[in-house]
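See below for the structure under consideration.
Lettering follows sequence order; numbering is per chain, from 1.
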There are 2 protein chains.
Amino acid sequence: MRSHGNEGGLAHAVIRRFNVLRPLSEDAAAALEQTILEALFRAGPGEDLTVEGDPIDSVRIVLSGWLFRHKTLEDGRRQIVNFILPGETCDAYAYLLPAIDHSITTATPVAYAEIKRPRFEKLIESERTLAEAFLCETALNNAIQREWAINLGRRAALEKVAHLFCEIYERLRPVGLVDGNSCNFPVTQMDLADATGLSVVHLNRTIQELRAAGLITLRERMLTILDLDALKSAALFSPGYLQLYRRG
Amino acid sequence: MRSHGNEGGLAHAVIRRFNVLRPLSEDAAAALEQTILEALFRAGPGEDLTVEGDPIDSVRIVLSGWLFRHKTLEDGRRQIVNFILPGETCDAYAYLLPAIDHSITTATPVAYAEIKRPRFEKLIESERTLAEAFLCETALNNAIQREWAINLGRRAALEKVAHLFCEIYERLRPVGLVDGNSCNFPVTQMDLADATGLSVVHLNRTIQELRAAGLITLRERMLTILDLDALKSAALFSPGYLQLYRRG
DNA sequence: CCGCGTTGTTAACCTATGGAAATGCCGGAA
DNA sequence: TTCCGGCATTTCCATAGGTTAACAACGCGG
């Protein structure tokens, strides 16, 4: 994998992730990297990149930082429906629909590429494996969203939180953002509550419980998993849906 | 819209649905219909069309009948993560991932087209608007799945059930399966409970409540919405995410 | 005709989770 | 240094929804 120094480092997560999902040809990787570097943007924490109802005319790829997708009911109840982690793509092909159904907000400072639709379409037309990679990304997103449905609908509070921790950990791992048994976890308990469908108070109780059980440590925006097997088992976590391992 | 008699009737829902989502050229519609008619299958109620973990090598399009997507935890808790209604597509592009993350089971007798991957790829390569239509379908699926997340995570029981009724009703409407203020609703209360994340008992209580409020009638697998506005308002339902109305 | 399995309904009881509010902690602005 | 706002934590109480169990209605096979 060639390096372009600092800039090359930026596209690192994306390339690495795609290579797990759908191996890229040398040319495809180069074209992708080139396109990304031409379209760099940054945002601070707490910025809305898209708002429910917006029309979409570009594809965003996250190079570093965390974002979340969320929806809000008229009376203010909010659900975080997914996180977007480094290397992941917001909305490939979302420009085909008239308007987006949810908002996307940064949780941390974020670096991202914003590729305008014509540029994006040119890119995937010239490199078929890239088109397939983005399709994989979309299909995978769908699968993750379904797992969230069972998480929200059928798991108990402790299982929900444990499951979220497992999932994030396993999604960060392939892009090299797990260090030993720790990873960044830059979300407030309020966000965590909205992601698991719990109240803040009960979320806090649940985290205490996970701590008391010796499963995790969570402080200063850093998650440490003390016993991954036990955590997975407490979460009824099975990683198949993440499709992290290549066929064959 | 041309008719091919009975067989043309079979593809009717699909064409009609795509025309709302992403208008098809005359040629595209004809090619799609032709492909569908070459690959007809039928299944009885309660059959598993795909099972979690299966590799996928074809695309299925539902011509008539209901199916549902579901996932099950090790201990048997089940979540229905979505329904698949006439005119909708299972798994466009799912063949790009090594294995499917959920099961698909028929709720009623079903007629469907099962298009093998090479045939499907040939089809979408020859007709760009078809490729886009299937992409729309996938993106829309994603949006619906997100709405289910907020439904499961943040709505109260009555709101959940009301919301599900509204959604199904609005999804059936564009394919002509709504008759006045009624539609088929061929699912047991157990299924409904698994779709809303409730227990059967509480789901039953909730339905009684909706009946008592004069909002719906539900018997003999038939749903009648007595006051659509009131139901939508009770559900905090806003239909934007369904993208039922064309741009411009 | 009977018996059985599936589905819907109701009741009684219980617990996981929600809601409101107070407290503490910490870091940043002035 | 002090004040303030965001976040985490805890306590106390309320309740929506889960669990178990029993029963009725219905369809179906024998």
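Residue L158(A) contributes atom CG, which lies 12 Å from atom P of dA16(C) at whole-angstrom precision. L203(B) has its CG atom 9 Å from the P atom of dG8(C), to the nearest Å. Distance CD (E220(A)) to C1' (dC7(D)): 13 Å, rounded to an integer number of Å. When rounded to the nearest whole Å, the span between CZ of R219(B) and C1' of dC26(D) equals 15 Å. Rounded to whole angstrom, the span from the CG atom of L223(B) across to the P atom of dG8(C) amounts to 14 Å. Atom CZ of R154(B) and atom P of dG17(D) are 13 Å apart (whole Å). The separation between R77(B) atom CZ and dA16(C) atom P is 13 Å, rounded to whole Å. Between H202(B) atom NE2 and dC14(C) atom C1' there is a gap of 15 Å when expressed in whole angstrom units.
Within 4.0 Å of G46(A), counting heavy atoms only, lies no atom of the nucleic acid at all.
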B/S/- contact track for nucleotides 8-13 of chain D, protein heavy atom under 4.0 Å: SBBBB-

Derivation of the salt bridge (charged side-chain N to carboxylate O under 4.0 Å, His left out) call for R154(B) and D194(A): CA-CA 8 Å; R154(B) 284 303 185 211; D194(A) 283 342; 2.6 Å; yes

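Under the side-chain hydrogen bond (donor to acceptor under 3.5 Å, both in side chains) criterion, the residue pairs touching residues 163-177 of chain A are N82(A)-R171(A), E88(A)-R171(A), E147(A)-H163(A), W148(A)-E167(A), R155(A)-H163(A), E167(A)-R171(A), E167(A)-Y241(A), E170(A)-R173(A), E170(A)-K232(A), with sequence neighbours excluded.
With 3.5 Å as the limit, one finds no donor-acceptor pair spanning the side chains of T217(A) and T224(A). Between the side chains of E47(A) and T106(A), no donor N or O sits under 3.5 Å from an acceptor N or O.
In this structure, F185(B) has its ring center closer than 6.0 angstrom to the ring center of F165(B).
Environment of CG in D179(A): sparse, with no more than 12 heavy atoms of neighbouring residues, nucleotides or ligands closer than 6.0 Å.
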